[in-house]
Each structure stands twice: as structure tokens, then as C-alpha cells.
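Below is one structure, written out as C-alpha cells; the observations come after it.
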Amino acid sequence: MADEVVLLDYWLSPYGMRLRIALALKGIEYEFKEENLSNKSPLLLQSNPVHKKIPVLIHSGKPICESVALQYIDEVWNDKAPLFPSDPYVRSQAKFWLDFVDKKIYDIGRKIWTTKGEEVEAATKEFIDCIKLLEAELGDKPFYGGETLGFVDVALVPIYSWFYVYEKFGNFSVERECPKLFACVKRCFEKESVSKSLPDQDKVYSLVMEIRTKLGIE
Amino acid sequence: MRVKIALEEKGVRYKYLEEDIFHNKSPLLLKTNPVHKKVPVLIHNDKPICESLNILQYIDHVWNDEAAPKLLAEDPYDRAKARFWVDCFDKKIADCGKKMWASKGEEQEAAATEFIESLKVLEMELGEKPFFEGEHFGLLDIAFIPFSCRFYTYEILCNFNVEKEVPKIMEWVRRCYQRDSVSNSIPDQYKVYDFVLEKKKMYGIS
């Protein structure tokens, strides 16, 4: 049991993806357990009894749930690929942006493909405003973490798997609206640790089409 | 309030600037927190730090000499657990808190039930420990104790009694209030109640 790392996850979860990326960047071997979200395993229910949600990282038998797991990974395996800046002021600034990504990006993005007509337009506009704010924060740095990937990059890059969906249903181009942000996300994706942790854009699109059909939008 | 308690625990002197958050946010606030435009913002040597949990972690890291009590646990697992609970509780309070004072009838009752359930979960987490993280007053205590000043308001508006529902939580509240950092930083519960009544009048909620 000592040092064994297990990740309870769902292939499409952006929160799960960021943990996969962090573990891969740090070269940590782990067992990936895919959860069926309509039939959650006893292990998941026992490890996250409060929310019963993925992702859950289980390290040496101890569960660490959802949003706090990324910082845990960085604190425990701190010899390689540090993701959180050591300077407390820089770290608190970066955490602010992580919070922004969490609260805004995925929720608003979701509205682009789960609504119709005017709602799609409104969601698309709001989404573009958000990514522009994010792009302003990036400035001319190659990554949010500076010269190397930081935790904001790790949290944001799963969005790459969703670009095709957002662009198709929102009728816009991320690269045209935010060329610097697009370049940064692409740069992250070019790292093998990142690309092998993220689902293929086509697979995401197929699932979205299934859900849209079920919702009666298609 | 969390930030005030943390600064007092560490013995840090600071200047307090009250913001009129409902009607007239200051240029300083809008400049230092341009994205969310919210309090609290800690400005240290002209550098702004936003979001209460970020600020608490910043304070613990910067004022970390031996004389100052440690707010965060040493062990990464205990730290992760503490962060999880704060995040969990913040989301719950955001959900039920407003409904308890701003709604009526079934919606209000449902919010009150949910709130009591969350307090019961917290009570289980506290267990027999004097404080959430054990023997010492720490991050979780600082994060949760400010909400205690709203208990009276919720009790009157929603007709329940916190002491009866979660006696161990009330014992913990009284234990926290024995610390100057807490009693100096948290407003009087009756003042909070009067403030909520005014807000209800302002919004036309009976």
C-alpha cells in the first residue's frame, strides 16, 4: 500500500485531466480507474462521501478529493516539475486565476453546446470575454507559469480538447479571438505528458453530439 | 473577518479600510481586484492579494517566525483535507445562506434544512477535538468561525435552534470566542440581524 497512487476519474472530466497531467509531468506511476458516473463504485463513495464526485486521488490508501488534489500532488512530489510558484505573492496571484478558470471557463463553455439560439450567442460572447481576460493575464510569457508550465496552464489546457466543440457551436475561432492564449495552450499540448492525458477532440465531439440529441437540441 | 482573525493571531498590525460594497466600491478596491471587484483584498507592500483562502495561506507563509502560531498544518495530506473542507463549506453557505433570509415558505425551509445538515456534517468532522485540526486553533477554525455571527439571524428567520441541533458546534464557537483575535474581529450577532432586516426592507422582502 505504501506510496501506491490510484486515480478515480472519468475520461471527460477537466478536473481529472489536470491531475493526470500533473502526475505525468512529475513522472509518477499510478493506477487509473475509470468510474461509471451513473453507477459509482463503492471505492469512490467511500473515498469521497461528502460529494461522491471524481476525481479522487488515493495516495497510500488516503483519499484526496477534487480541487485540492493538484496542490497536494505538487507539495508531495516537489522534486520534479514544480507547478505552484514558491513566492507566496506570485502563488496567490496565480491561484486567483485558477479560481477564475474553475468558476468561469468550463461552466460558460458548457452553455455554448447545451443551449439554443440567443442563449448560445450570449454564452459565446461571455466565453470570449473570459478568455480575453485570461489572455491579458498571460501577456508575452510562453506559459502562465513563466518559462515552464505552472498549475494555471495545467488547469487550462484540458480546454484544448473542447476547442472544436466550442468553435463549432459558438461559431467563432479561439485562435482568431485570442491568438496568444491559443498558442500557449497548443504549446502545452505539444508536451507528451499533456497530450497523452487528454482525450481526442473527435471523441469529445461525438459524446457532445450524443448528449445534444438526448437534450433534444440536435 | 477570516483575514482579520488571521492577522490578529499573527500579531500583525494593519490598516483596515471599510468598503461600501453595495453602493460605492472605492477606486482602490476596483484597481486591486479588477476581475471580481470583491473584498477582502490584502495589500502588503503595495502588492494586492485577493480571495480569503489565498490571503490566509499568504499570511501564514509570510509571517512564519516561531513566535507566530502556524495556521496551516505541516503535513500535506492534512493541509489538503483542510482546504477541501473550506471549499465544501463555502459552496454550501453560498447556496443556503441567502435563501434563508431572502426567501419564504418552502424554499426557506428547504434551505434551513440543508444548512442544519451541513452543520451536522461539520459537527461529525469536529468530533471530540477542541478545534477542527486538533489541539490548536487553525485554518479551518478561522475559515468557519465568522459564520457564527449569522446564526442568530438564521434562527429567528427560520425558526430553529443551533445549540439544540449541533451542541458540539456551539461549544466550539464559545471556545473560539475566548480568543481575542475572534472576539475582536467578528461583529455582534444582533447588529448582523438588524442589518439583514434592513436589507430585507430594502429589497421589499417581508
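Worth knowing before you read on, the calculation uses all heavy atoms, side chains too, and leaves out hydrogens, waters and symmetry mates. In the text below, chain A, chain B and the rest are named by the order of the sequence lines, each starting its count at 1.
Counting heavy atoms of neighbouring residues, nucleotides and ligands inside a 6.0 Å radius, atom NZ of B/K129 exceeds 12 of them. For B/K199, the NZ atom counts as densely surrounded, since its 6.0 Å shell holds more than 12 non-hydrogen atoms of other residues, nucleotides or ligands. For B/K4, the NZ atom sits in a packed shell: over 12 heavy atoms of surrounding residues, nucleotides or ligands are nearer than 6.0 Å. Environment of NZ in B/K25: crowded, with over 12 heavy atoms of neighbouring residues, nucleotides or ligands closer than 6.0 Å. No more than 12 heavy atoms of other residues, nucleotides or ligands lie within 6.0 Å of CG in A/N171, so this atom counts as exposed by the packing criterion. The number of heavy atoms from other shown groups lying within 6.0 Å of NZ (A/K141) is above 12. Atom CG of B/N159 sits in a sparse spot, with 12 or fewer heavy atoms from other residues, nucleotides or ligands closer than 6.0 Å.
At a 4.5 Å heavy-atom cutoff, A/N78 makes no contact with chain B through either its backbone or its side chain. Using a 4.5 Å cut-off between heavy atoms, A/E66 contacts chain B through its side chain alone, with no backbone atom that close. Neither the backbone nor the side chain of B/K81 comes within less than 4.5 Å of any heavy atom of chain A.
The minimum heavy-atom distance linking A/Y72 with B/A80 is given by the pair CD1-CB, 4.0 Å.
Using a cut-off of 4.0 Å between Lys/Arg side-chain N and Asp/Glu carboxylate O, B/R83 and A/E75 are scored as salt-bridged. A salt bridge between A/K95 and B/E51 is absent, with no side-chain N of the basic residue lying under 4.0 Å from a carboxylate O of the acidic one.
When side chains are defined from C-beta on, B/Y77 counts as touching A/P63, because their heavy atoms get closer than 4.5 Å. Between B/F84 and A/H51 the shortest side-chain heavy-atom distance falls below 4.5 Å.
Atom CZ of residue A/F100 and atom SG of residue B/C50 lie 13.0 Å apart, to the nearest 0.5 angstrom. To the nearest 0.5 Å, atom OH of residue B/Y58 and atom CZ of residue A/R91 are 10.5 Å apart.
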